[in-house]
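Scroll down for the structure; my scribbles are underneath it.
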Amino acid sequence: MTDRVALAFSGGLDTTVCVPLLEEEYGYDEVIGVTVDVGQPAAEFAEAEATAEALELDHHVVDARAAFAEQCLDAVQANATYQGYPLGTALARPVIAAEILAVAEDEDCDAVAHGCTGKGNDQLRFEAVWRTSDLEVIAPVRELGLTREWEIDYAAERDLPVEGGDEGTWSIDTNLWSRSVEGGDLEHPEHVPGTEIYAWTDDPDGDTETVEIGFEAGTPVSLDGETLAPVALIETLNELAGSYGVGRSDLMEDRMLGLKVRENYEHPAATTLLAAHEGLEGLVLTQEERQFKTHVDQQWAQKAYEGLLDAPLVDALEAFLAATNERVTGTVTIRFEGGQARVVGRESEYATYSASAASFDTAAVGDIEQADATGVAKYHGFQSRLANGAGVAADDTADDQTLAADGGGGVTTEDDGTTDTTEE
Ligand code: ARG
C-alpha cells in the first residue's frame, strides 16, 4: 500500500521544501499538492503550477472563492476586525483547510501537511480543522525546526525549483479580503515603509467618488443599484476603493501564541463594506442593541482570528447577529475621500429614527412636550450629585430628608445622623 500525504501547497519556499522532506524524512511514497483559490493573484497560481510540474507533483487546484467570499460577507454582519485587521488570512485558513481535507479523503491519503512555522497563527487554524479527522497531521517546518536560511540552502542543494528572488523581501499573503505584508525591514516597528509595499492601493490624490452600497439583512448585495455576487462585489470594491487609497493599515498585532508582530495590510473592499454596514446599523438598531452588539462583534472576531468559528459559542453569537441584522436592510452612501471610505448618507425602511422627533423645528413629539423632559433632567446625575457631596436640593428646614417619597418602606436619615429603616 502506498502512503500518501496531501500538502497545502503554494509553490513558495516552505511548501516546496516540504515535498522532498515528506518523502525522505517522513517516509511517504506520494505527496499530493493542493492549492486552494481564495482570490490570490494569478501569478501565485502560475508559480504553484510551474513548481508542481518541476517537482512532478500530483497537483490539485480547488476554487473556493465563492464560499470564501460568503464567509467574508458574514464577517461584515459582525463588523469584524481584530486589532484593526479585517481578518482576511484568518477567515481563509479554515476554508482552505477544509478543502485540503476533502481532497485528502477523496484521494485516500493517510496524512495532511502544511508548511507553516511554529511561530504563526496559521498552524493553529489549519490544524483545528484537520484534527477533526483521523488523518495524521504533519508540520515539517515546525517539527524539523527549519529556518528560512536552511530551506534556501536545501533547495539549492537539491536543485529545487524556487525562484529565491521571487519571494522577495517580505512575506505576503493575499486573498479576496485582505493582503498582508510582513517580515524584512517591516520587522522594525519604527521603520516607515515606502509605498512599494502596497499593491492594491494608490496614494490618495485628492479625488473623491461617491457610491451606494445596498444591504439585505446585514449582507451587502449591490453597488450603485446593481446586484453583485459576493466575489464580484468584493473584487470591484477592492479595485475602486483601492484607487482612492482606502484600506491601508499598519498594526502591531498580538498573535495567538503571544508574539507581537508588525503587520501591514491592504483591504479596500473590507474597509468600505464594514464602514457601510456599521453606518446602516447606526440608523436601524436601538442604542442598547448597538451597545451590546459591540461585545458580540468582538467575541466573533476573536474566534475568527483563532480560526475557531465552529465553536459552539459562535453559534450562539451568530443567532444574535442574525436577529440584529434582520432589519439591517437599506442603502448607504459612501464617499471615498482622503484615503477613507466615509459614510455620508443612509436610508432604511427599518430606521429607528423619526426626523420630526429629533428636529429642532418641532416643539412636541406627539403628545410629548419639550417641558416633559424637565423631570428627567432634574433626576439626571442624581447619584453622582449625592456621591460628590452635592446633596439633594431639599427643604433644609425639614427635620428629615426622606428619600423614599412613596410613603412605603424607605430609609430615613435622623437628625443625629443615624439611619432608621421604616416598616410598612
Ligand atoms: N497576521 C495575520 C494573521 O495571522 C496575517 C498573516 C499573513 N501571513 C503572511 N505571511 N503575510 O491572520
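Just so it is clear, the structure is predicted and the values come from calculations on it, not from any experiment. Counting starts at 1 for both ligands and their atoms, following the listed order.
With a 6.0 Å cutoff to the six-membered ring centre and a 45° limit on the axis angle, Arg125 counts as a cation-pi contact of Tyr305.
Side-chain contact, Asp185 with Trp170: a donor N or O sits under 3.5 Å from an acceptor N or O. Residues Thr352 and Thr286 bring no donor and acceptor atom of their side chains to less than 3.5 Å of each other. With 3.5 Å as the limit, one finds a donor-acceptor pair spanning the side chains of Gln302 and Glu306.
With atom 8 (N) of ligand 1 as the reference point, the heavy atom nearest to it among Asn264, Asp173, Val261 is part of Asp173.
By the side-chain contact (heavy atoms from CB on, under 4.5 Å) test, Glu318 pairs with Trp300, Val314, Leu321, sequence neighbours left out.
In this structure, Pro193 and Val181 have side chains that are not in contact, with every pair of non-hydrogen atoms separated by 4.5 Å or more. Counting only heavy atoms from C-beta outward, the side chains of Glu263 and Gln83 never approach each other to under 4.5 Å.
At the shortest separation from atom 11 (N) of ligand 1 among protein heavy atoms lies Ser180 OG, 2.6 Å. Residue, atom and distance of the protein heavy atom nearest to atom 12 (O) of ligand 1 are Tyr85 OH, 2.6 Å. If you check which protein heavy atom lies closest to atom 2 (C) of ligand 1, you get Tyr265 OH, 3.0 Å.
Every N/O-N/O distance between Thr89 and ligand 1 stays at or above 3.5 Å. Geometrically, ligand 1 and Ser171 share a nitrogen or oxygen pair separated by less than 3.5 Å.
Set against the non-hydrogen atoms of Glu253, the atoms of ligand 1 under 4.0 Å away are 1 (N), 2 (C), 3 (C), 4 (O). When each atom of ligand 1 is checked for a heavy atom of Asn121 under 4.0 Å away, the hits are 3 (C), 4 (O).
Contacts between Trp170 and ligand 1 below 4.0 angstrom, taking non-hydrogen atoms only, are absent altogether. Only side-chain heavy atoms of Glu263 come within less than 4.0 Å of ligand 1; its backbone N, CA, C and O stay farther off. Residue Tyr82 does not touch ligand 1, judged by heavy-atom distances below 4.0 Å.
Pairs of residues two or more places apart, or lying in two chains, that qualify as side chain to side chain donor-acceptor pair (under 3.5 Å) and include a residue from residues 212-224 are Gln77-Thr219.
At least one heavy atom of Arg125 sits closer than 4.0 Å to an atom of ligand 1.
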